[in-house]
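I have placed the structure first, in the form of structure tokens, so that the comments after it can refer back to it.
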Amino acid sequence: MSIDRYYTLGRSGLRVSRLSLGTMTFGTEWGWGADKDAARQVFDLYLDAGGNFIDTADAYTNGTSEAWLGEFIAARQARDQVVLASKFGFNLGNRNANGGGNGRKHVLKAVEGSLRRLGTDYLDVLYLHVWDQITSADEVIRTLNDLVRDGKVRHLGLSDVPAWYAARIQTLAEWRGLEPISALQLQYSLVERNLEHEYTRLAIELGMGLAVWSPLASGLLSGKYRKGDATSGRLATMQGSGNPAFQHLSERNWQIVAALEDVARQLDRPMNQVALNWVAHRPAVSSVTVGASRPEQLKSNLQALDFELPVELRQRLDEASAPPQPFPYYFFTNTMQGMLYGGATVGDKPDGYHANVLVSGSGSGVS
Ligand SMILES: NC(=O)c1ccc[n+]([C@@H]2O[C@H](COP(=O)([O-])OP(=O)(O)OC[C@H]3O[C@@H](n4cnc5c(N)ncnc54)[C@H](OP(=O)(O)O)[C@@H]3O)[C@@H](O)[C@H]2O)c1
């Protein structure tokens, strides 16, 4: 299995599996997910396949994800071999003004909670979970660096933040000789490609690997949901929940699913594997975080990198899922850029991308 090849995360020396294991499904507190027995099987399957990169958050399933993960890692005495990532930011339930967000007071407390639940004295990667619109970039990077200096955290990441904020944090880190941000965790899949407007180039220019979440759009791209018949599974449960991350049952997306189904048929591969393969090979992607509520789902997902997507089928998927190009991004397409050069051919960039730039992670595989 190709999962036991490891790639560097951003510009760090940390080697991680191209497919990481998401554990937001560990626990049933949110009305979906896996019970403890299934979660343990998923965990064992991932480690047995050679996977080393595991993603959790203090807020997942109200702390259950971290607690079970801590138990599972201890049972296999795998702490050294595992690259353990967690996140802070969400308020875990009380009316405390500093009980959430990204200010120093909360961050330090949140990390203590994660370490306790996970039964470890350090995290390999610590992510800021969501931008709080309040805390300055300056406070964030200094707080995160203190955690690195204290030995509680090895590497740093940002998740769900505006591109300008990530760029400011990284630039401050660079100029002050602080620990840089190694990973940007963002939603990316055939049905959610908006990060391409800003974050692909940001990641490449400033040395952050993209760690992709919801690569199957919460299961939509496995093909198990059918138009007019989406009655069970996470997307059905979360329909109307008001959480936009789970609202994928749209006309536009059904058309993308149809194109994916066609490509998967031609390749004689399950749709989930083709969708994961597509996103894993997008520019700047360091790792794709796969989720599973059952071991057989993970088993299939782990085979997603065992084949190559032929160029013409990749292009078919690119075109079927192309995101809209709102202002100012339409100025950066080849059509508009051509006007800068009076019609002369200047480069061979495909529309909107930077495929000719060396992509983080590629070529640095360790067998
Ligand atoms: N930073 C953030 O804001 C953020 C947000 C979300 C997630 N994440 C991270 O990213 C990880 C992955 O996200 P995700 O769980 O949304 O990923 P996903 O791969 O898009 O969705 C996983 C879900 O898809 C279904 N599925 C997976 N493999 C399948 C298969 N082979 N056949 C059929 N159905 C399949 C299952 O749904 P059912 O359970 O319904 O069967 C599974 O729970 C999370 O665990 C978490 O670590 C981060």
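Count residues from 1 along the sequence. Each ligand, and each atom within it, is numbered from 1 in the order the structure gives.
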field: L216: numbered ligand 1 atoms lying under 4.0 Å from its heavy atoms
entry: 18 (P), 19 (O), 20 (O), 27 (C), 28 (N)
message: Looking at R76 and D48, is there a salt bridge between them, counting it only when a charged N and a carboxylate O are closer than 4.0 Å?
response: yes
message: Take a 6.0 Å sphere around CD of Q77 and say whether it holds more than 12 heavy atoms from other residues, nucleotides or ligands.
response: no
task: Give a yes/no on ligand 1: does Q273 have at least one heavy atom closer than 4.0 angstrom to it?
output: no
message: Give me the residue, atom name and distance of the protein heavy atom closest to atom 11 (C) of ligand 1.
response: T289 CG2, 3.5 Å
- prompt: Please walk me through it: do S86 and E66 pass side-chain hydrogen bond (donor to acceptor under 3.5 Å, both in side chains)?
  reply: CA-CA 8 Å; S86 193; E66 283 189 335; 2.5 Å; yes
field: Partner of W213 by side-chain hydrogen bond (donor to acceptor under 3.5 Å, both in side chains), out of D55, T289, D160
entry: D160
message: Please list the nearest protein heavy atom to atom 39 (O) of ligand 1 with its residue and the distance rounded to 0.1 Å.
response: S293 OG, 2.7 Å
- prompt: Does R294 reach ligand 1 with a nitrogen or oxygen that is under 3.5 Å from one of the ligand's nitrogen or oxygen atoms?
  reply: no
field: Per-atom contacts, ligand 1 versus S159 - under 4.0 Å to a heavy atom
entry: 1 (N), 2 (C), 3 (O)
- prompt: Does any N or O atom in Q297 lie less than 3.5 angstrom from one in ligand 1, N or O only?
  reply: yes
Residue, atom name and distance, where the atom is the protein heavy atom closest to atom 27 (C) of ligand 1: G291 O, 3.3 Å
task: Identify, by atom number and element, the atoms of ligand 1 in contact range of T23, meaning under 4.0 Å from any of its heavy atoms.
output: 45 (O), 47 (O)
- prompt: For V290, is at least one N or O under 3.5 Å away from an N or O on ligand 1?
  reply: no
field: Greater than 12 external heavy atoms within 6.0 Å of K109's NZ
entry: no
task: Provide the number and element of each atom of ligand 1 under 4.0 Å from a heavy atom of S222.
output: 32 (N), 33 (C), 34 (N)
- request: Check ligand 1 against T25 and write out every atom of the ligand that is under 4.0 Å from a heavy-atom position of the residue.
  value: 43 (O)
query: Backbone N or O of D318 within a donor-acceptor pair of the R193 side chain at under 3.5 Å?
result: yes
task: May I ask you to check whether N272 has an N/O atom sitting below 3.5 Å from an N/O atom of ligand 1?
output: yes
Test item, Y60 contacting ligand 1 (heavy atom, 4.0 angstrom): yes
field: Between OG1 on residue T25 and CZ on residue R234, distance to nearest 0.5 Å
entry: 7.0 Å
query: Considering only heavy atoms of G22, which atoms of ligand 1 have at least one such atom less than 4.0 Å away?
result: 11 (C), 44 (C), 45 (O), 47 (O)
message: Checking the N or O distance criterion of under 3.5 Å, is ligand 1 in contact with D55?
response: yes
Donor on one side chain, acceptor on other, Q41 and D37, under 3.5 Å: yes
statement: For atom 28 (N) of ligand 1, the closest protein heavy atom turns out to be N301 ND2, 2.9 Å
message: At less than 4.0 angstrom from any non-hydrogen atom of D160, what atoms of ligand 1 do you find?
response: 1 (N), 2 (C), 3 (O)
- request: Check each of A34, G89, S218 against atom 20 (O) of ligand 1 and report the one with the nearest heavy atom.
  value: S218
- line: Honestly, for H129 the part within reach of ligand 1 (heavy atoms, under 4.0 Å) is side chain
task: Give yes or no for whether the N/O distance cutoff of 3.5 Å, strictly under, is met between A292 and ligand 1.
output: no
- request: Give yes or no for whether the N/O distance cutoff of 3.5 Å, strictly under, is met between S300 and ligand 1.
  value: no
query: Short N/O distance, under 3.5 Å, between G219 and ligand 1?
result: yes
query: Looking only at non-hydrogen atoms, which of R234, K299, M271, H248 approaches atom 22 (C) of ligand 1 most closely?
result: R234
query: So, do L47 and I54 sit near enough that their side-chain heavy atoms are less than 4.5 Å apart?
result: yes
- request: Below 4.0 angstrom from a heavy atom of A217, which ligand 1 atoms are there? Numbered from 1 as shown, please.
  value: 20 (O)
task: Consider only side-chain N and O atoms of E196 and Y188, and report whether a donor and an acceptor are under 3.5 Å apart.
output: yes
- prompt: Would D146 and R142 pass as an ion pair if we require N to O under 4.0 Å?
  reply: no
- request: Please report the C-alpha distance between H106 and N102 in whole Å, then the side-chain angles of each, then the deciding distance to 0.1 Å, and finally whether the side-chain hydrogen bond (donor to acceptor under 3.5 Å, both in side chains) criterion is met.
  value: CA-CA 7 Å; H106 177 65; N102 304 326; over 6 Å; no
query: With a 4.0 Å cut-off, would you call R226 and E261 a salt bridge?
result: yes
message: Which residue and atom name correspond to the protein heavy atom nearest atom 10 (O) of ligand 1, and how close is it?
response: W213 CB, 3.3 Å
task: Could you check atom 41 (O) of ligand 1 against the protein and tell me its nearest heavy-atom contact, residue, atom and distance included?
output: K224 NZ, 2.5 Å
For atom 7 (C) of ligand 1, closest protein heavy-atom neighbour: M24 SD, 3.6 Å
message: Students should be able to answer this: which protein heavy-atom is nearest to atom 16 (O) of ligand 1, and at what distance?
response: S214 OG, 2.5 Å
message: Heavy-atom contact check, 4.0 Å cutoff: does Q187 meet ligand 1?
response: no
- prompt: Does the distance from a Lys or Arg side-chain N to an Asp or Glu carboxylate O, for D121 and R79, drop under 4.0 Å?
  reply: no
Whether over 12 other heavy atoms sit under 6.0 Å from N243 CG: yes
message: Taking the basic N atoms (NZ, or NE/NH1/NH2) and the acidic carboxylate oxygens, is any pair closer than 4.0 Å for E112 and K152?
response: yes
query: Just wondering, are more than 12 heavy atoms of other shown residues or ligands nearer than 6.0 Å to CZ in R168?
result: no
